[in-house]
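Read through the structure below, which is laid out as structure tokens, and then see the notes.
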There are 2 protein chains.
Amino acid sequence: MALEHAILVSLLEKPGSGYELARRFDRSIGYFWTATHQQIYRVLKRMESEGVLDVREVPQQGRPDKKEYSVAAPGRAALSGWLHEPIEPESLRHDLAVKIRGAAFDDPAALVDEVERHLEVHRARLAHYLSGELRDFTGPDAPAPLDAGQELQHVVLRGGIAYERMTVAWLDDVLATLHTLGRTSPSA
Amino acid sequence: MALEHAILVSLLEKPGSGYELARRFDRSIGYFWTATHQQIYRVLKRMESEGVLDVREVPQQGRPDKKEYSVAAPGRAALSGWLHEPIEPESLRHDLAVKIRGAAFDDPAALVDEVERHLEVHRARLAHYLSGELRDFTGPDAPAPLDAGQELQHVVLRGGIAYERMTVAWLDDVLATLHTLGRTSPSA
DNA sequence: GCTTTCTATGCAACTAGTTGCATAGACAAG
DNA sequence: CTTGTCTATGCAACTAGTTGCATAGAAAGC
């Protein structure tokens, strides 16, 4: 299960509670692996019972206490094992592409709003990634020589940026195609 | 469930058996939605019992008989309904990116083989998509004026091509980064 | 005749992920 | 002093997807 490994990586980068992990999965590591808080809590509990994580009750002032998880030695070993074993190149699950092909059997023009909405989301994500890159890696406030971990985080972020740029360009292409179809064959 | 909708689209494009669908999910529609034959058979059975699909026993010579599924009127309506309701922009599930970030806590150089393997797979997919594009849409044997359905299939394929090109370029970037790290910090 | 390959369909058990709901401490606004 | 928001954790029920196995017809190769 890749969620386990994503949690191990995130906790190695910085120990934290289920709640904090859930928020990291809304940004940072969540850009390429999503999870809800319920899933995270359930998996944390299992990982702790398996001995790959340590827990520590942390009293807080001004907010409820939390359980801070960190990676135990067997967890590090498990991650290392996973890193050395080959994985399948990922395959896409892209609903919008299914919709676009499905539009041939309905009204293609009805998809315009939907595509425009997705376009806005991807433009926003791109802007968000670019500002993060400037802040953490390429801007004047970024650490001068990046260490290995930062270089790796940066190359992953560059992947996210490339993905969003590509998606924005493609959705523009989709919109142009829909408009052309609307002009030549006004299927009612 | 998007698998249902992918099946509806595929069966509208051309009726077929579970086995045939499973093979389409290895190419064509499978480029942006994956499914195993078990999942397909199970969902087909449910969709038929719900009345969204029709079945027809088709005797064949030279091979076992098959059940050919096609979309019934309620299935068309269900697809149309789905096309008109907004969906969430997809989020990625990218194991390799998790691995790359995890490499900071292990030996980054150990990932080189893995990344090269993925690179080969994506180069091959790109070549495959490009030859498909030439055959079906842009080559001399392609239908001269494309109809709406073909234009939509083509724009989806262009998305696949853009995705694979982007991925190949990014994996090159990852490799270069791993090599730089190997030179500057030979972590044992 | 035996094995392999391709077509064709399916069950059972499991793992992963989603949705809806519930609880509770602490603070801020009205 | 109630309502809303943010932090924090969790259960129960469900849906989706994977893995392993099983069966069987028909052709091809040996």
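All heavy atoms count here, side chains included; hydrogens, waters and symmetry mates do not. In what follows, chains are A, B, ... by sequence order, proteins preceding strands, each numbered from 1. These numbers come from a predicted model, not from an experiment.
Here the side chain of B:R24 pairs a donor or acceptor atom with the backbone of B:S10 at under 3.5 angstrom. Side-chain atoms of B:E133 never come within 3.5 Å of backbone atoms of B:T138 as a donor-acceptor pair (strictly under, hydrogens ignored). Between the side chain of B:W170 and the backbone N or O of A:V155 there is at least one donor-acceptor pair closer than 3.5 Å. With hydrogens and angles disregarded, a donor-acceptor distance shorter than 3.5 Å links the side chain of A:H118 to the backbone of B:I87.
Direction of the helix axis in the helix from C:dG1-D:dC30 to C:dG30-D:dC1 shifts by 10° between the two five-pair termini, rounded to 10°.
Checking each of B:E20, B:E57, B:R56 against B:K66 for a side-chain contact (heavy atoms from CB on, under 4.5 Å) leaves exactly one that passes, namely B:E20.
Within residues 29-36 of chain B, no residue is approached by DNA chain C to less than 4.0 Å at the level of any non-hydrogen atom. Contacts of residues 12-28 of chain B with DNA chain C (heavy atom under 4.0 Å): B:S17, B:G18, B:Y19, B:R23. For the segment residues 74-87 of chain A, the set of residues with a heavy atom within less than 4.0 Å of an atom of DNA chain C is empty.
Residue A:E4 is the one, among A:E4 and A:Q38, whose nearest nucleotide of DNA chain C lies closer to the 5' end (criterion: closest heavy atom).
Here the straight-line distance linking atom CZ of A:R158 with atom CZ of A:R165 works out to 12.0 Å at 0.5 Å rounding. B:L178 contributes atom CG, which lies 10.5 Å from atom CD of A:E151 (distance to the nearest 0.5 angstrom). One finds the NE2 atom of A:H37 at 12.0 Å from the CG atom of A:L44 (value rounded to the nearest 0.5 Å).
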Could you list, one pair per line, each protein nitrogen or oxygen that sits under 3.5 Å from a nitrogen or oxygen of nucleotides 25-30 of chain C, together with the distance?
none

**Request:** Could you give me the CA-CA distance, side-chain angles and deciding distance for A:R101 and B:E13, then say whether salt bridge (charged side-chain N to carboxylate O under 4.0 Å, His left out) is met?
**Result:** CA-CA 9 Å; A:R101 269 174 79 148; B:E13 287 174 355; 2.8 Å; yes
**Request:** Just do the salt bridge (charged side-chain N to carboxylate O under 4.0 Å, His left out) check on B:R123 and B:E120 with the steps written out, would you?
**Result:** CA-CA 5 Å; B:R123 275 198 227 280; B:E120 280 321 300; 3.5 Å; yes
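Note: B:H122 and B:Y163 have perpendicular aromatic rings, judged against thresholds of 30 and 60 degrees for the angle between ring planes.
Here the closest heavy-atom approach between residue A:R125 and residue A:E164 is recorded as CD-OE2, 3.6 Å. Closest heavy-atom contact between A:Q150 and A:F137: O-CE2, 3.4 Å.
Note: CD (B:E57) to C1' (C:dT7) measures 15 Å, nearest angstrom.
Taking every nucleotide of DNA chain D with any atom under 4.0 Å from a non-hydrogen atom of chain A, the first and last of them, 5' to 3', are D:dT7 to D:dT18.
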